[in-house]
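A short write-up of the structure that comes next.
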There are 2 protein chains.
Amino acid sequence: MPTYDPALSLKLDDQLCFALYSATNALKKMYRPMLERLGLTYPQYLVMMVLWERDGQTVSEIGDKLFLDSATLTPLLKRLENHSILERRRAAEDERIVRVSLTAKGNSLKEMAATVPGEAVGATGCTPDELTTLRDALVQLRTDLMANG
Amino acid sequence: MPTYDPALSLKLDDQLCFALYSATNALKKMYRPMLERLGLTYPQYLVMMVLWERDGQTVSEIGDKLFLDSATLTPLLKRLENHSILERRRAAEDERIVRVSLTAKGNSLKEMAATVPGEAVGATGCTPDELTTLRDALVQLRTDLMANG
DNA sequence: CCCTATTTAATCGTGCGCGATTTAATTTCA
DNA sequence: TGAAATTAAATCGCGCACGATTAAATAGGG
């Protein structure tokens, strides 16, 4: 088995996995100062995008979209609630369910966030086409990994 | 600004950032059962790859390769030391430096890890060419993000 | 030489992710 | 209908990541 095979060697720089891991770490670092202005962390920003698209979703619905479970989301949502960005309320019709609603403050953050995607694109140094291609490849990879895991 | 522009909208599924983030989470989950057999976490596996390539590196050298700092590495290395996988020793010629050396057990893990990359490739459902292309795109992205961050 | 600047690692606090378990509410079906 | 199964969220424990600070050793300039 040749060591120049990028998939099958144990050399760090051959690994897709390390490229993915380190790019994600770099991405989070790049977003940090932008999101700090909104008072959000990166995962919190993702949750907010889910809720800006449709308010009042349940913890499970948010989790299905982000591929996160309640062990991650519950503490995160509580922190956002403590910052008066959203409210968590058990549904009257089914007390197991917790519905998450944005406050006025939470909704207003959407306007402040409007410049974030453009700034982020700038930092990538990629054309929109390149970004689309890369995004689609990563979505496919994620789908495969979750199916074959 | 059209909302179908994948780069500039605030819709979750348009975001490269979310594709990257969620693919990395899926990747770590996929690796977990494989690495559990070696008694390693995913970041620990990366550190081991660095040391299998060249033993006796300093904390900074490991950090330079993985883009991690001592705040992350020191506790991780201590855990590996507690499992007798490596040893940490201050250099006699410069007491600031900590040099990390594999134990026999740490070296022997390399053989057990030999099947991991192949298994991982299988789970991706990608051809080697696709993996190489994606890896190179991610390395380029990482480079750009770290330069423009 | 000594004092300051730099370098290296460690420490501290916060916020994830997630496997595993627990609690509570609802559904199922015998 | 009532016991068992299922579902939803919360809780617990651990291991990252990283910004910020600290401690200690070395290097460098006057």
Side-chain angles (χ1 to χ4, degrees), chain A residues 18 21-33 35-36 39-48 57-64 66-83 85 88-100 142 145-146 149, chain B residues 18 21-33 35-36 39-48 57-64 66-83 85 88-100 142 145-146 149:
Chain A
F18 175 62
Y21 165 88
S22 55
T24 299
N25 285 346
L27 183 90
K28 288 183 187 171
K29 269 190 213 182
M30 184 272 284
Y31 268 98
R32 188 184 305 272
L35 296 179
E36 218 154 56
L40 296 175
T41 66
Y42 179 72
Q44 289 169 5
Y45 171 65
L46 295 178
V47 168
M48 294 304 284
Q57 296 187 68
T58 68
V59 174
S60 292
E61 286 172 333
I62 298 170
D64 288 346
L66 297 177
F67 309 105
L68 297 173
D69 69 6
S70 65
T72 300
L73 286 175
T74 297
L76 185 157
L77 292 169
K78 282 183 176 176
R79 280 186 284 273
L80 290 177
E81 187 172 41
N82 287 338
H83 288 92
I85 288 171
R88 295 155 61 249
R89 202 162 32 240
R90 292 218 170 249
E93 70 276 15
D94 186 341
E95 292 274 351
R96 289 172 302 183
I97 292 174
V98 169
R99 208 167 283 286
V100 181
R142 182 187 70 205
L145 288 173
M146 297 200 316
Chain B
F18 175 61
Y21 165 88
S22 54
T24 299
N25 286 345
L27 184 90
K28 288 184 187 171
K29 269 191 213 185
M30 184 272 285
Y31 267 98
R32 187 183 306 272
L35 296 179
E36 218 155 56
L40 296 175
T41 65
Y42 180 71
Q44 289 169 5
Y45 172 65
L46 295 177
V47 168
M48 293 305 285
Q57 297 188 65
T58 69
V59 174
S60 293
E61 286 172 334
I62 298 170
D64 288 346
L66 296 178
F67 309 106
L68 297 173
D69 69 5
S70 65
T72 300
L73 285 175
T74 297
L76 185 156
L77 292 169
K78 282 184 176 176
R79 281 186 284 273
L80 290 177
E81 187 171 42
N82 287 338
H83 288 92
I85 288 170
R88 296 156 59 251
R89 201 162 32 241
R90 291 217 171 252
E93 71 275 16
D94 185 341
E95 292 274 351
R96 289 172 301 183
I97 293 174
V98 169
R99 209 167 283 285
V100 181
R142 182 188 70 205
L145 288 173
M146 296 199 318

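Throughout, a chain's letter reflects where its sequence line sits, starting with A, and its residues are numbered from 1.
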_For DNA chain D, the residues among residues 92-99 of chain B that have a non-hydrogen atom under 4.0 Å from it_ = B/E93, B/D94, B/E95, B/R96

*For A/S70 and A/L73, indicate whether the former's side chain and the latter's backbone hold a donor-acceptor pair under 3.5 Å.*
no

*Sub-3.5 Å donor-acceptor pair from the side chain of B/R99 to the main-chain atoms of B/R90, do we have one?*
no

*What is the distance, rounded to the nearest whole Å, between atom CG of A/L80 and atom P of C/dT14?*
17 Å

*So, the side chain of A/E81 versus the backbone of A/R88: is there a donor-acceptor pair under 3.5 Å, distance only?*
yes

*Going 5' to 3' through nucleotides 12-18 of chain D, assign each nucleotide B (protein heavy atom under 4.0 Å from a base atom), S (under 4.0 Å only from sugar-phosphate atoms) or - (no protein heavy atom that close).*
B--SSBB

*Spacing between B/L27 atom CG and C/dC18 atom P, to the nearest angstrom*: 11 Å

*Between B/Y31 and B/Y42, what is the ring plane arrangement, given parallel below 30°, perpendicular above 60°, and tilted in between?*
tilted

*Do A/R142 and B/S22 have side-chain N/O donor and acceptor atoms under 3.5 Å apart?*
yes

*Whole angstrom value for the distance that separates P of D/dA8 from CG of A/L73*: 14 Å

*asked:* Going by the rule salt bridge (charged side-chain N to carboxylate O under 4.0 Å, His left out), which residues pair with B/R89 if we only count those two or more places apart in sequence or in a different chain?
replied: B/E87

*Atom CE of A/M146 and atom P of C/dC18: how far apart are they, to the nearest Å?*
11 Å

